[in-house]
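Shown next, in C-alpha cells, is the structure this report addresses.
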Amino acid sequence: MENINKNSFLFSDISAIKGVGTKLKKYLKNKKIEKVKDLLWDLPYDITDRSEIVSLERLEIGKISTIKVRVLKYNFPRFRNLPNKVICGDGVNKIEIIFFNSYEGYIKKILPLKKKVVISGKIGFYKKNYQITNPTYVKDIADESEITKIFPKYSLTDGLIEKVYRKLINQVLTKIDIKLDWHTEVFLKKNNFLGFKKTLQNLHNPKSKTDFFSNTYRRLAYDEIFSNLLIMKSARKIIKIKKKKKNFNFQLSRKVLKNFNFELTLGQKDVLNDINQDILSNERMFRLLQGDVGSGKTILALISAANVIASKYQVAFMAPTEILATQHYELSKKLFKNTNVKIALLTSKIENIKKNYLYKKLQSGQIDLLFGTHALFQSKIKFTKLGLIVIDEQHKFGVKQRMKLAKKGGDNCDVLVMSATPIPRTMMLSFFGDMDISRLKEKPKNRKIITTLVKPENKINEIWPLLKKQISNGKQVFWVCPLIEKSKKLDFSSAVKQYEMINKIFPKNVGLIHGNLKINEKNLVLERFLNKKIKILVSTTVIEVGIDFPNATTMIVENANKFGLSQLHQLRGRVGRGHEDSVCILLYKKNLSENAKKRLKILKSYSDGFLIAEEDLKLRGHGDILGFQQSGIKNFRFSDPIHHKDLFLLAEENVKKINLNNISKFQSLLKLHDRAEIIVDFSS
Ligand code: ADP
Ligand code: MG
C-alpha cells in the first residue's frame with residue numbers, strides 16, 4: 001500500500017527542491033519550512049479569483065480582475081522617474097497598464113503593439129482612466145488558461161514571492177506518489193475521503209476559502225488526530241513496563257494526614273486508591289491527576305510520596321517555578337513533622353558548595369524527598385533509588401518530555417503528573433492517552449465563595465473603597481496589569497504606571513512584579529507579600545499557577561478580555577484559598593464587543609474550569625480554529641475538538657483496533673506529522 005522509498009523526498013531538506021538556493025532556504029526557514037513536507041502543511045488561507053474575464057465596461061476599482069485587450073499605444077516618458085504607460089483597449093473602452101521600474105524592451109516584449117493579450121491585476125483609477133499598475137500576469141491569449149484560474153493565496157513572509165512559492169508547492173504535489181496512503185480504500189470510501197495526494201492537491205487548489213468542514217480538510221484533520229493517538233498508544237506501551245512492587249504499610253502516610261488537619265474528601269480518597277494500587281502493582285505507574293485549581297491535588301501527591309518513602313525509595317517533586325517548589329517544600333516540612341523523612345529543596349539561590357553537598361546526600365540516600373524545578377533532572381543530579389517522580393502543573397510538558405523523565409527515573413520509578421489544565425473531553429486521549437487518568441471532580445466542601453464581577457474600566461473608582469475595607473481587615477489584594485501583546489517593554493511601563501497610581505492611594509502598601517525582574521528579586525517581593533509587609537501585589541506576568549496565598553481575598557484583572565478564559569480562571573484560583581469569601585473583579589476597556597462581554601460573563605456564571613473551557617470553545621466561531629491553537633493547546637494544526645468531534649471519536653475507535661506490531665505501516669504518516677521521532681527516540 002505504502003511506498004516509503006518513492007516518497008522519501010518528502011522528508012529531505014527543502015533545498016532538494018529545484019529552485020531553492022541558500023537565500024530562498026533562509027526565507028522559507030522564517031516560515032518554519034525546512035523539510036520538503038513542511039511545504040505541504042502550509043495551506044492557503046484564501047484564494048484570488050482570476051477566473052473570469054471582465055469587459056472594461058464592468059471594471060470595479062480595487063478589485064483583482066482579468067481582462068482581454070489589444071495593445072494600442074506606448075507612452076514611454078523621457079524622464080526616468082515617471083512610469084511607463086501602455087494603452088490597451090477592447091474596442092470600446094480603454095485602460096492604462098502602468099509599469100514602474102520596467103525596461104521598455106521588456107514591456108515591448110510582453111505587450112507587442114496590436115497584439116491581443118490577457119492581463120490580470122488590481123484595478124485602479126487615476127485622472128479619469130482605469131489602470132492596472134505592475135500587473136501580476138500578462139500573457140498571450142493562447143495561454144489564457146494559465147491565468148483564468150482561481151489562485152491559492154498563502155501568507156508569505158519577507159522575501160517570498162507568491163508565484164515562486166506556488167511553483168515550489170506544485171513541484172512537491174506533482175511528485176507525490178499517487179499510491180502513497182496509510183488508509184485502506186474501503187476506509188477512504190466509507191468516510192468520503194480522497195487519497196492522500198488528491199487530498200493535498202485539492203487543499204492547495206481550493207475553489208473557495210478553506211472550509212474546515214470539507215471532506216478534504218477533514219481527511220487532513222483525521223490524519224493528524226489519528227497519528228497523535230497512535231503515538232499515545234505506542235508511548236503507553238513503551239512506558240508501562242514491569243517494575244519491582246513497592247511495599248509499605250500506611251503508618252507514615254497516616255501521620256502526614258494527621259498533620260494535615262483535614263479529612264480527605266471522597267473524591268480524594270478515590271484518587272488515592274488509584275495511586276496506591278499503581279504503586280503496589282508490578283507495572284510502572286504513569287498517571288495523570290487532573291483537578292481544577294484548588295481541588296486539593298498537593299496533599300494527595302505528598303501522601304503518595306510518604307508511601308513510596310515508606311517502601312524505601314526516594315521521591316522527586318518537580319514544580320514549574322521555584323516559588324511554587326518552595327511552597328510545596330514548606331508545606332511538606334509541616335506535614336512530615338515528627339517523622340524521620342529527610343526533605344530538601346533545590347533552588348538556584350543555593351550556593352554551589354551547599355548544592356554539591358546536597359547532591360552527595362542525595363546520592364548516598366540521605367535525602368528522601370527533594371523539591372525543585374526541572375533542574376532536578378540535570379544529569380549531575382543522581383538519586384540512589386528514585387521511586388516516584390511528581391510533576392506539578394507542567395502545562396507545556398508533552399508526551400515526549402514525560403517519557404524522557406520517566407526514562408531518567410529508571411524502570412522502578414513511578415510517575416504522577418498533576419494538572420489543572422481543562423482539556424475538553426474529546427481531546428483527553430489525544431493529550432494524555434499515554435497515561436492513566438484520575439480526576440478530582442469536586443473541591444473540598446469548606447471552599448469559600450469567589451464572587452466574580454465584570455466591570456468597565458471607567459468604573460475603577462468604585463474599587464477603591466472595597467480595597468480599603470479589605471486592607472483594613474488585614475486582607476491582601478492581587479492586581480493583575482493589562483496584558484499588552486508582544487511587547488515586554490510596554491508591558492513593563494504600563495505596570496509601573498499602575499503601580500505608581502495605586503501606590504498614591506495606598507502608600508507603602510504596594511509591591512510590583514514584572515517580567516524584567518530577576519528570579520531572586522521577584523521572590524523577595526513575593527516573600528514580603530506572603531509576610532503581609534505589603535498588601536497589594538501589582539503584577540504583569542500572570543501570577544504563578546498553583547501558588548498559595550490564603551490571605552489574599554481580592555483579585556483585580558485589568559484588560560481582562562485580553563486573557564484566555566481558562567487563564568482567567570487559573571488567575572481567579574489564586575484567591576478564595578483561605579477562610580474568607582473572596583472577590584475577583586474583571587475590568588474591561590469600553591467598546592468591547594458583545595461577544596467578548598459574553599465571554600467574560602461565562603466566568604461570572606461558572607466556577608468549574610472544565611465547564612468554562614467548554615463554554616469558551618462553544619462561543620468561538622468556526623473561523624476561529626486558529627484561536628484554539630493560540631489558547632496554548634499546541635500539537636494540533638488542523639483539527640479542533642468542536643468542529644471535528646466525530647473525527648476524534650472515529651480515530652479513537654480505529655486506533656484501538658491497531659496492532660502496534662504493524663506500526664511501520666504508518667511510518668510516513670507519523671513522519672509527515674512530526675510524530676515518528678517520539679517512538680524512535682524511546683524504543684531504544
Ligand atoms: P490544587 O489542586 O490547585 O493544587 P491545593 O492542593 O493547593 O490545590 O489545595 C488547595 C487548598 O485546599 C489548600 O489550601 C489545601 O490545604 C486545601 N485542601 C486540600 N484538601 C482538602 C480537604 N480535604 N479539606 C479541606 N481543605 C483541603
Ligand atoms: Mg497545585
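What you see is a predicted model, and the numbers here were worked out from it, not measured in a lab. Whatever order the structure lists them in is the order used to number ligands and atoms, beginning at 1.
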| With a 4.0 Å cut-off, would you call Asp414 and Lys246 a salt bridge? | yes
| said: Test of understanding: with salt bridge (charged side-chain N to carboxylate O under 4.0 Å, His left out), list the residues that count as partners of Glu521, not counting sequence neighbours. | reply: none
| request: Please state whether the rings of Phe317 and His328 are parallel, tilted or perpendicular, taking 30° and 60° as the class boundaries. | output: tilted
| task | Give yes if a backbone or side-chain nitrogen or oxygen of Gly291 is under 3.5 Å from a nitrogen or oxygen of ligand 1, and no if not. | result | no
| request: Please work out whether any backbone atom (N, CA, C, O) or any side-chain heavy atom from C-beta onward of Ser295 is under 4.0 Å from ligand 1, and answer side chain, backbone, both or neither. | output: both
| query | Going by the atom numbers of ligand 1, which of them fall below 4.0 Å from some non-hydrogen atom of Thr265? | reply | 23 (N)
| Heavy-atom distance to atom 1 (P) of ligand 1: which of Lys443, Gln327, Lys297 wins? | Lys297
| said: Pairs of nitrogen or oxygen atoms closer than 3.5 Å, one from Gly294 and one from ligand 1: do any exist? | reply: yes
| task | Classify the ring geometry between Phe529 and Phe549 as parallel (under 30°), tilted (30 to 60°) or perpendicular (over 60°). | result | perpendicular
| said: List ligand 1 atoms under 4.0 Å from Thr298, heavy atoms only on the residue side. | reply: 4 (O), 5 (P), 6 (O), 7 (O)
| said: Tell me every residue that passes ring pair (Phe, Tyr, Trp, His ring centres under 6.0 Å) with Phe262, counting only those two or more places apart in sequence or in another chain. | reply: Phe260
| task | Would you mind listing which atoms of ligand 1 come within a distance below 4.0 Å of any non-hydrogen atom of Val293? | result | 3 (O)
